Amino acid sequence: MNNMTGFNPLSRTSAHRRAMSRNMVTSLFRFERITTTSSKAKEVRKAAEKLITRSKVDTVHNRRIAAKFIQDEKILNKLFTELGPRMKDRKGGYTRILKIGFRQGDAADMVILELVDYKLPTEESKEKPAAKAKKAEPKAEKAPAKAKAKKAAPAAEEAK
């Protein structure tokens, strides 16, 4: 009897399924939270959890195995420098699936696949980069604006 063995082919060819899985795992590690269908999330979770387990021990061998699956070098580095050490004391269960309802068009069961230690961005963290940018911009704009005004004034007088 062949109960609970294998995987869900997701009605795709093997190449499409492999590429989709790689892209979704990379997106999960980049954003730490993705929205997808329930069946895709369950398949992607298998690969993501195995990669996180590998990333807990940063060796050349583990990096090369993970690099076969994750093509983006920045995300691979993030996996081994940030995500792996964050999950060091956890024995498994690095991801969580939250049901969010059904998709409008085809009524597919939609879920959020996220890392367990994901924290929602707060308003303070959103405001801080904006406040820094606002402070930096006026200083940069004031100097060129004055210089342009001085150059424009003599040009206007010459035109008369």
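All values reported here derive from a predicted model rather than from experimental measurement.
For the atom pair CD1 (I97) and NZ (K99), the distance works out to 9.0 Å, reported to the nearest 0.5 Å. Between the NZ atom in K88 and the CD1 atom in I52 there is a gap of 13.5 Å [rounded to 0.5 Å]. Taken from CD1 in I34 to NZ in K40, the straight-line distance is 9.5 Å, to the nearest 0.5 Å. Taken to the nearest 0.5 Å, the CG atom of N77 stands 11.5 Å off from the OG atom of S55. In this structure, I75 CD1 and F29 CZ are separated by 9.5 Å, a value rounded to the nearest 0.5 Å.
Side-chain contact check for L10 versus S39: some heavy-atom pair is nearer than 4.5 Å. The shortest distance between side-chain heavy atoms of D109 and T37 does not fall below 4.5 Å. Counting heavy atoms from C-beta on, the side chains of L113 and T95 come closer than 4.5 Å. In this structure the side chain of N62 reaches within 4.5 angstrom of the side chain of T59, judged on heavy atoms. With a 4.5 Å cut-off on side-chain heavy atoms, L51 and I65 do not count as touching. Contact annotation: the side chain of S21 approaches that of F69 to within less than 4.5 Å [non-hydrogen atoms, C-beta and beyond]. Put simply, the side chain of M87 reaches to within 4.5 Å of the side chain of L115, judged on heavy atoms.
R96 places no side-chain N or O within 3.5 Å of a backbone atom of Y118 that could act as its donor or acceptor partner. Using a distance-only test at 3.5 Å, with no hydrogens or angles considered, a donor-acceptor pair links the side chain of R17 to the main chain of P9. The backbone N or O of A19 sits less than 3.5 Å from a side-chain atom of N23, completing a donor-acceptor pair. Between the side chain of S27 and the backbone N or O of M24 there is no donor-acceptor pair closer than 3.5 Å.
Other cluster members for M110: L98, I100, I112, joined by side-chain heavy-atom distances under 4.5 Å among Ile, Leu, Val, Met, Phe, Trp and Tyr.
Heavy atoms only, all atoms of each residue included: V25 and A48 are closest at CG2-N, 4.2 Å. Considering all non-hydrogen atoms of both residues, G93 and V116 come closest at O-CG2, 3.1 Å. Between F102 and A107, the shortest heavy-atom contact is CD2-O, 3.5 Å.
Screening residues 4-14 for side chain to side chain donor-acceptor pair (under 3.5 Å) gives N2-T5 as the qualifying pairs, with residues at least two apart or on separate chains. Identified under the salt bridge (Lys or Arg N to Asp or Glu O under 4.0 Å) test for residues 29-38, with sequence neighbours left out: R30-D72, E32-K78, E32-R86, R33-E114.
At a threshold of 4.0 Å, the pair E43-K46 counts as salt-bridged, since one of the basic side-chain nitrogens sits closer than that to a carboxylate oxygen.
Looking only at atom types and distance, the side chain of Y94 has a donor-acceptor partner in the side chain of K56 under 3.5 Å away.
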